[in-house]
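Indexing begins at 1, ligand by ligand and atom by atom, following the structure's order.
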Amino acid sequence: MDNRLFFFDTTLRDGEQVPGCQLNTVEKIQVAKQLESLGVDVIEAGFPISSPGDFNSVIEISKAVTWPTICALTRAVQKDIDVAADALKYAKRKRIHTGIGTSDPHIKYKFNSNREEIIERAVAAVKYAKKFVEDVEFYAEDAGRTENEYLARVVQAVVDAGATVVNIPDTTGYCLPQEYGEKIKYLMEHVDGLSAGRAILSTHCHNDLGMATANTISGVLNGARQVEVTINGIGERAGNTSLEEVAMIFRCHKHLGIQSNINTQKIYSSSRMVSSLMNMPVQPNKAIVGRNAFAHSSGIHQDGVLKNVQTYEIIDPHDVGIDDNAIVLTARSGRAALKHRLSVLGVEMSQERLDKVYADFLVLADKKKEIHDDDILMLAGADRATNHFIKLESLQVTSGKGVRPVASIELSIAGEHFEAAASGNGPVDAAIKALKKIIDRQMTLKEFTIQAISKGSDDVGKVHMQVEYDNILYYGFGANTDIITASVEAYIDCINKFKK
Ligand code: KIV
Ligand code: ZN
């Protein structure tokens, strides 16, 4: 059996479904180009029928990217497939990813149907997609909870109809690694054409029980030859399988003989880019890309690592692109140095935009001695707030031990000036109460997280907020060396997204 493993990245489709993480087309193109340099084989660029934005992103990514296959998701519905085929018209290599739920709960409650009819619909969708593209992937949604015997009949039917890849999603993240591996093995043994290479099986695992990576590896060890993954494991609920974990597992365990096209040295920059553009922090202890993934803090470990890194390190950080000697920019760095660092991080921009980012860079460099990659990525994404209807003009806060915090705030709303002051339990509470005196709406803060970008008391604080208004949750982001300002900016970011 061929041991080449294909990486199918769905950061821009399944990953982007995370509430609050939506990217615009320009940002998606940036991520797609980064994925291309990372060496992924397939980029799932969107679900074209779902929105004009998704349709347009598939078109633009198809134009921007050369080597990877561009894939568009559909339901097993002709209209979806028509729209996906249209969106893929500029792709050099293209794939339609169509499918339907195959588990009993899906068949009964979602489709009010029966097993035979689902097979008919699956076959019809694959045959219809084949009219537009040669490369058709079929997904059996909730395959993780689909009985193996019936699943084998579905897979056989779609392979006979021309599917080149069959995706076996553990949609709910339910399976145990052994169970998922046995499912793949069962299909490999019971579906004609799979072992002969007429079609390959793909894993698509969700992390609801923290087993997405283990299930994916088990799937590959039992014969799957494509893995569906996202950068940083992002995705709805607990997320999808993370690309970096799967890539590094096969690199560390070379004896398994699994080969791929992934350039692991691009892993770290890809992780930073996705985290920064989606405003989605990476947990510090996240395998491979977390801030602490290579930080040895216990005395015994430090002693061992100093004697020989192999004592406690199974991965050389350079292999994932972590560069300890990366040039740190300061207030004396010129535009060219900033431009170079941005391009190393995978960000290309026009001269006009670079001038704006450079001006912001100088302001930040005045406040912070050293500017790190995360700061630069934050600055590169900071233009989102410039078109805001409501803008923070100034904020002054008095707080400390033994004093009741007081804040005064100045806002510009559609160019008109407003100001207010309030006291509160703490400086953020006071500032938000002052803000609410100007913007009088029934809104409630539901989530509030503050994270320092790198380290040091002069660091930039990133704030994520969720505000509920009119029964809808809105996600906002702010970044500033002053965390009170960052918090108010995040709150204002939410309000600017209100639908009415
Ligand atoms: O998790 C899932 O089942 C999916 C399919 C649409 C492929 O994302
Ligand atoms: Zn999924």
- Note on the structure: Among N, O or S atoms, H204 approaches the Zn ion (ligand 2) most closely through NE2
- Pairwise ring pair (Phe, Tyr, Trp, His ring centres under 6.0 Å) hits with a residue in residues 5-63, at least two apart: F8-H97
- Note on the structure: Interatomic distance, CG@L277 vs CD@Q34, rounded to 0.5 Å, equals 10.0 Å
- Can you tell me how far CG of L473 sits from CD of E447, rounded to the nearest 0.5 angstrom? 9.0 Å
- Message: Show every ring pair (Phe, Tyr, Trp, His ring centres under 6.0 Å) that has at least one partner inside residues 179-210, sequence neighbours left out.
- Response: Y186-H190, H204-H206
In residues 116-123, what donor-acceptor pairs under 3.5 Å come from side-chain atoms, sequence neighbours left out?
from: E116; atom 1: OE1; to: R153; atom 2: NH2; distance (Å): 2.8
from: E116; atom 1: OE2; to: R153; atom 2: NH1; distance (Å): 3.4
from: E116; atom 1: OE2; to: R153; atom 2: NH2; distance (Å): 2.9
from: E117; atom 1: OE2; to: S113; atom 2: OG; distance (Å): 2.7

- Message: Suppose you place the vertex at the Zn ion (ligand 2); what is the angle out to H206 NE2 and D14 OD2, to 10°?
- Response: 100°
May I have the N/O to N/O pairs between ligand 1 and the protein that fall below 3.5 Å, each with atom names and distance to one decimal?
from: ligand 1; atom 1: 1 (O); to: H204; atom 2: NE2; distance (Å): 3.2
from: ligand 1; atom 1: 1 (O); to: H206; atom 2: NE2; distance (Å): 3.0
from: ligand 1; atom 1: 3 (O); to: T171; atom 2: OG1; distance (Å): 2.7
from: ligand 1; atom 1: 8 (O); to: R13; atom 2: NH2; distance (Å): 2.9
from: ligand 1; atom 1: 8 (O); to: D14; atom 2: OD2; distance (Å): 3.1
from: ligand 1; atom 1: 8 (O); to: H204; atom 2: NE2; distance (Å): 3.1

- Message: Would K63 pass as a cation-pi partner of Y90, given that its NZ or CZ must be under 6.0 Å from the six-membered ring centre and within 45 degrees of the axis?
- Response: yes
- Task: Tell me, yes or no, whether the heavy-atom count around K33 atom NZ, taken from other residues, nucleotides or ligands under 6.0 Å, exceeds 12.
- Result: no
